[in-house]
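First comes the structure, then the notes that go with it.
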Amino acid sequence: MLFLRIILLAFNAAIITFLVYRLLQIYRSNVPRKGLIIGGGIFLLLLPATLLLGFIKPTIGYTLIYPIALSLFVYLIKTQNQQ
């Protein structure tokens, strides 16, 4: 369980850095659904924080659902840039 927690922390550190970078880019742009994207990004930023604080336990469900949610969020950002 300790090994899983260390891997999750390393993954979450990389994701937090990426999300903050992309959210700052969206904030500066003129994207029509800026509020929705920033709200979803902040929600995805809070999930790893709740893991660190112990509110959410590192389970198999979290390790499967969180990367899918992140990939959908990145897809949403990329499609906004193409329009």
Side-chain angles (χ1 to χ4, degrees):
M1 192 55 121
L2 179 65
F3 181 68
L4 178 63
R5 186 171 285 237
I6 291 170
I7 289 175
L8 282 175
L9 288 174
F11 174 73
N12 288 330
I15 291 301
I16 287 171
T17 304
F18 176 73
L19 282 177
V20 168
Y21 171 73
R22 292 298 288 172
L23 286 175
L24 289 175
Q25 283 184 336
I26 293 292
Y27 180 72
R28 290 186 214 147
S29 70
N30 293 330
V31 176
R33 297 188 298 180
K34 186 188 299 190
L36 176 69
I37 294 171
I38 291 175
I42 290 173
F43 177 73
L44 289 172
L45 282 173
L46 290 177
L47 281 176
T50 59
L51 178 76
L52 288 172
L53 295 174
F55 294 124
I56 296 176
K57 304 255 188 271
T59 62
I60 298 298
Y62 177 82
T63 58
L64 294 176
I65 292 173
Y66 189 66
I68 293 170
L70 287 172
S71 64
L72 289 174
F73 181 75
V74 170
Y75 176 75
L76 175 69
I77 291 173
K78 290 218 181 259
T79 57
Q80 288 296 320
N81 289 341
Q82 293 174 356
Q83 293 178 354

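- Transitive grouping of hydrophobic side chains (ILVMFWY, heavy atoms separated by less than 4.5 Å) keeps Ile26 and Val74 in distinct clusters.
- Ile7 places a side-chain heavy atom less than 4.5 Å from the side chain of Phe3.
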Check your understanding: Is there a side chain to side chain contact (heavy atoms under 4.5 Å, CB included) between Leu72 and Leu76 once you walk through the steps?
Key -> CA-CA 6 Å; Leu72 289 174; Leu76 175 69; over 6 Å; no
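- Rounded to the nearest 0.5 angstrom, Ile77 CD1 and Leu19 CG are separated by 7.0 Å.
- Under a hydrophobic-cluster definition in which Ile, Leu, Val, Met, Phe, Trp and Tyr are linked whenever side-chain heavy atoms come within less than 4.5 Å, directly or via other members, Leu36 and Leu44 are assigned to different clusters.
- If you chain together hydrophobic residues whose side chains sit under 4.5 Å apart, Phe43 and Leu46 fall into the same group.
- No path of Ile, Leu, Val, Met, Phe, Trp and Tyr side chains, each step under 4.5 Å between heavy atoms, connects Phe18 with Leu24, placing them in separate hydrophobic clusters.
- Within a 6.0 Å radius of CD1 in Ile65, no more than 12 heavy atoms belonging to other residues, nucleotides or ligands are found.
- For the ring-ring contact (aromatic ring centres under 6.0 Å, His included) test, residues two or more places apart in sequence or in another chain that qualify with Tyr66 are Tyr62.
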